[in-house]
Amino acid sequence: MDLAAAAMRSLLPKLVELLHGEYKLQKGVRGDVEFLEREMRSIDAALRKVAMVPRDKLDDNSKIWANDVKELSYEMEDVVESFLVGVQVFEPAANFKGFLKKVANLFTKGKARHQIADAVKGIKDQVQQVADRHDRYKIDGIEASLAATTIVDPVDPRLMVQFKDHRELVGIEEPRDELIKRLAEEDDCVSKQQLKILSIFGFGGLGKTTLARAVYDKIEAEFVCKAFVSVGQKPNLKNVLLGILLRIDKASCHNVTLLDEVLLIEKLRELLTNKRYLIIIDDIWDMSSWDIIKCAFTDSRCGSRVITTTRIFEVAKEAGDIYKQEPLSPGRSKELFCMRLSIGKSKSPYHESVKISDKILQKCGGIPLAIITIASLLASKPVTDWPGVYDSIGFGNEDNKEVDATRKILLYSYYDLPYYPRLCLLHLGIYPEDYEIKKDTLIWKWVAEGYVHEEPGKGLFEVGERYFNVLIDRSLIQAVERPYYSIIYACRVHDLVLDMIHFLSEDESFVTALNSNRTSPRTTARRLAINNEVVEQDGSVANTSMRQVRLYNATMCQFSILPLLSNFKALRVLALEECTFMGSERSVKPKDSHYHLNHLGRLIHLRYLGISDRLLGFSVPLMLEVPKEIGDLRFLQVLDLGRTGFKKLPQSVGRLTQLKCLRFGGSSMEVFDCTNLTSLEELQLHLVSPDFLKGLTKLKELRKFSLHLEEEHDNMLFKDLMGHVANLQKLQVIMVTCRYQPHPKPWSDYAGCVALGNLRHLTVNGLLPGLPVWINSSCLPNLCHLHMELTAMKSQDMEILGRFSELITLTVLLCDYMDFPNAMEEGAFPKLRYLELKNSNQPRFVRGAMSSLECFRLTTGLVGANWDFHSLVNLPRLQKVDAEILGSSTRWGTNVLLAPESLKQHMRR
């Protein structure tokens, strides 16, 4: 249902544009388009209702109807876009040759209008048939009838967890005891008596409820009043409050069913006042439910404790303390696996299949629910079938109650997601398992697929980033963070979640996975994913029908030939990530390259074009040029050629007015006029001209800018650059780097004001004469990451840098060895986690400064430099010191992981 609704919401704005734009539609065609818009809006309203219902609760008629709407929406969108491109040909130059082209364009536009008239008439008949089926099958009544019969399953699979025999639990003692310790420990006696609320947070299936029950059973005797209640995804809060009341004082519960929520809360507060209580609120899904429930808890300074469990981080943050549930260790995983197979703790699970069982456990990732599910499945199968289970591990069509329970638990998280993040999650099915998915690239694909829509005051990437964070907060994807930087740059998908995505994708025909061992997919496949394949010229993958394909995504594949671009008629996304191209391994003529872009101009619907060559830098470079017809791709939003053999961009790129992201790794000198690219949010280029930099002032939406310089005469470009971007108020990232030179000349600095309140990351990897006057906390109040190379530093520079209240990482590379200034005040660098210095002595760390520093890295070329190890004790959170001394014939390095107390002992020795 989600796909059908998404297709509809992508189509409707196109119909509005067609009606209200200046396209000179024939009178009859305009009437038909108006009819289509009305009907499709009516169908969209019905689809939204249907999308609220889990797919397994829908009847076959509803599924067929929704699928028809989806395919019809795709067809209509293709027709409308083709018309919009056909009647909006870019005007040629004003000369005789241009006049002839203009006359030819008039015939082209007239032909396009006749074509859309015929197409709209045919689609109108199909829409009428879909509308008739909608009325005949009473689609509108589905949601109401299901609500009346209650969608919730009669038996919640999590309910049985509360009553598990403790002898069946594995690895519960350690986290249980840690939780009990955290509930008990406070700084003083007064604090111990205060009400404390702790939340257990983690992915579905980790055992949050099991852990909470284990804690409850261990300490409940210490409390006068106690209760353990579950909330659930769609709670009846009156029943939840009533459940607490019945468990606390059943004797006083006469006629309590007549009380509303307010009276129940008052009754609970009355009972809990001046009593020591322990209450577990299990499985909270939303803030509003928790805000109401917690009103019942009074704090009479009796040492009461409340524990909540949730898989949503925003809810967990509302508690005073968060315990993040971790997966089981490999040893504990194996123990649980053996126990579930009824082999016993001391025995290996079927001696002859130990190797395959280890692989299966690795796939389960330490999630107890996954281990129990797979072990239950294997227990009913002969050992010879275990490799087959591993190869197709997941939900499948197994008739197994544990598999069914696991599916339900994960689907709870899926159906609880807002509408667009659901689609973003399904999109992750295009990637192979255990693949590190780059965050920025992923979000731009979501944008190109139409899953991200602009909101007032926010750019598309910002909205997509919020969807990304929703999936992390719901524990549906695993964040990959750069150490010490507090930056999530990528994500991974747990195998269990990926299996759920594949299950849903196959049910809704969302993504079709291609491989060399499989026959070509059905001709209606809209999204093709190819992973870890060798794509031969005569193979089934290369010869797959591409006419209707909207997304073609290849990851870590080896191509001998790319699909012929002219075969694609509806392509929106063309992504070849981390692939190898056999022609790029040797010197070949550009026209013979296996990732040339011949016929690129025919992909009129294209939104995303991304190619990355894994062998780039390890092979003879190609001198390829991007075809000039790229300028005809009116809808292109993302052009990512940062790691390819393309060395030149054509001037026609300047016509791509809808471009949001441009990454190009080749020479960009004398390329194009960027003043029309006013939608750009991200720009990454190599080697630009001064004239190009002047156009940056027009790019008001620019959020991220990266420039690589290679020539010595570019020393003046940095000054020009900062002058042109100084007023781009949406900039969050500026990165200027250059190729290493043995004896670099200092860059000319910009002496004006650069007041960028949103700038978070500044890298200047080029020699500056000193700390620029505009690098201060007044001009850049939200700067988090600063990397720069200077000829020298003054004592006041440390005072200036220390005032950055948000600075997390600081890297300073000095041209020649010098004493690093010690002018560090108490309270300076309050959030700094990472400090790197090069060609410097070690500074003296004073108490109260850099109180958050976790890693200190020092590289110096002077043996016998001033080492002040004793001052390291003033860094209470220091975890890692990485020091490297380079002498004329000596290299010494150390990488020590020492807690502050250990540092003190080390220095005493």
Side-chain angles (χ1 to χ4, degrees), residues 439-440 443 457-466 469 482 484-489 660-663 674 678-685 688 693 695-709 717-738 747 749-766 768 770-790 797-813 828-836:
K439 171 186 167 182
D440 288 12
I443 292 174
K458 295 181 180 179
L460 284 172
F461 186 91
E462 185 179 356
V463 177
E465 192 171 30
R466 192 176 77 244
N469 291 334
R482 186 176 179 183
Y484 309 115
Y485 273 67
S486 300
I487 292 176
I488 296 173
Y489 70 90
K660 300 285 184 183
C661 172
L662 172 58
R663 300 172 183 164
C674 69
T678 54
S679 297
L680 268 180
E681 295 185 31
E682 179 178 344
L683 180 60
Q684 175 184 315
L685 293 174
V688 298
L693 292 179
L696 293 177
T697 56
K698 303 290 185 181
L699 310 184
K700 301 297 184 182
E701 300 299 315
L702 202 61
R703 181 185 52 83
K704 182 175 182 180
F705 178 72
S706 177
L707 178 63
H708 185 83
L709 306 177
L717 281 182
F718 178 73
K719 178 180 179 180
D720 296 339
L721 168 66
M722 297 313 299
H724 294 313
V725 304
N727 294 313
L728 300 181
Q729 291 303 313
K730 292 188 177 182
L731 266 178
Q732 296 180 17
V733 177
I734 297 177
M735 301 180 70
V736 184
T737 61
C738 69
W747 286 359
D749 188 18
Y750 177 69
C753 178
V754 182
L756 298 175
N758 289 311
L759 195 69
R760 304 287 191 273
H761 189 132
L762 175 62
T763 291
V764 184
N765 188 15
L768 294 174
L771 185 69
V773 295
W774 47 270
I775 296 185
N776 61 72
S777 56
S778 298
C779 292
L780 310 175
N782 292 302
L783 190 66
C784 299
H785 308 282
L786 177 59
H787 178 115
M788 56 185 176
E789 187 172 348
L790 306 175
D797 292 343
M798 281 300 289
E799 296 178 12
I800 292 170
L801 295 175
R803 296 191 189 109
F804 279 101
S805 60
E806 302 298 321
L807 198 64
I808 297 173
T809 67
L810 173 63
T811 300
V812 180
L813 310 179
F829 301 99
K831 294 185 179 180
L832 195 71
R833 298 179 60 195
Y834 176 88
L835 173 64
E836 180 177 356

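Along the sequence shown, residues carry numbers from 1.
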Is there side-chain contact between [X] and [Y], with heavy atoms separated by less than 4.5 Å?
X: Ile808; Y: Cys784; result: yes
X: Asn758; Y: Arg760; result: yes
X: Phe804; Y: Leu780; result: yes
X: Leu807; Y: Lys831; result: no
X: Val764; Y: Ile775; result: no
X: Thr811; Y: Tyr834; result: yes
X: Arg663; Y: Glu682; result: yes
X: Gln684; Y: Lys704; result: no

Check: Glu465 side chain, Asp440 main-chain N or O, donor-acceptor pair, under 3.5 Å
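Not at all, since once roles are kept as given, no pair shorter than 3.5 Å links the two residues.
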Under 3.5 Å, is there a donor-acceptor pair between the side chain of Glu681 and the main chain of Leu460?
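Looks like yes, one N/O pair under 3.5 Å.
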Determine the minimum heavy-atom distance between [X] and [Y], stating which atoms define it.
X: Pro781; Y: Leu756; result: CD-O, 4.3 Å
X: Leu680; Y: Leu662; result: CD2-N, 3.9 Å
X: Asn782; Y: Gly757; result: ND2-O, 2.7 Å
X: Tyr485; Y: Arg833; result: N-NH1, 4.3 Å
X: Pro830; Y: Gly802; result: CD-O, 4.2 Å

In sequence, state the C-alpha distance, the side-chain angles, and the governing distance for Lys700 and Lys730, and then conclude on side chain to side chain contact (heavy atoms under 4.5 Å, CB included).
CA-CA 7 Å; Lys700 301 297 184 182; Lys730 292 188 177 182; over 6 Å; no
To the nearest 0.5 Å, how far apart are [atom1] in [X] and [atom2] in [Y]?
X: Asn765; Y: Glu789; atom1: CG; atom2: CD; result: 6.0 Å
X: Phe461; Y: Lys439; atom1: CZ; atom2: NZ; result: 5.5 Å
X: Leu699; Y: Thr678; atom1: CG; atom2: OG1; result: 8.0 Å
X: Thr809; Y: Tyr484; atom1: OG1; atom2: OH; result: 12.5 Å
X: Arg703; Y: Leu728; atom1: CZ; atom2: CG; result: 13.5 Å
X: Asp720; Y: Leu693; atom1: CG; atom2: CG; result: 6.5 Å

Take atom NZ of Lys698 as the centre, draw a 6.0 Å sphere, and report whether it contains more than 12 heavy atoms from other residues, nucleotides or ligands.
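Counting neighbours around NZ of Lys698, 12 or fewer heavy atoms of other residues, nucleotides or ligands fall under 6.0 Å, so no.
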If you measure only the distance, is there a donor-acceptor pair under 3.5 Å linking the side chains of Thr737 and His708?
yes
With side chain to side chain contact (heavy atoms under 4.5 Å, CB included) as the criterion, how do Leu683 and Leu696 come out once you've worked through the C-alpha distance, each side chain's angles and the decisive distance to 0.1 Å?
CA-CA 10 Å; Leu683 180 60; Leu696 293 177; 3.8 Å; yes
Check the orientation of His761 and His785. Use parallel for under 30°, tilted for 30 to 60°, and perpendicular for over 60°.
tilted
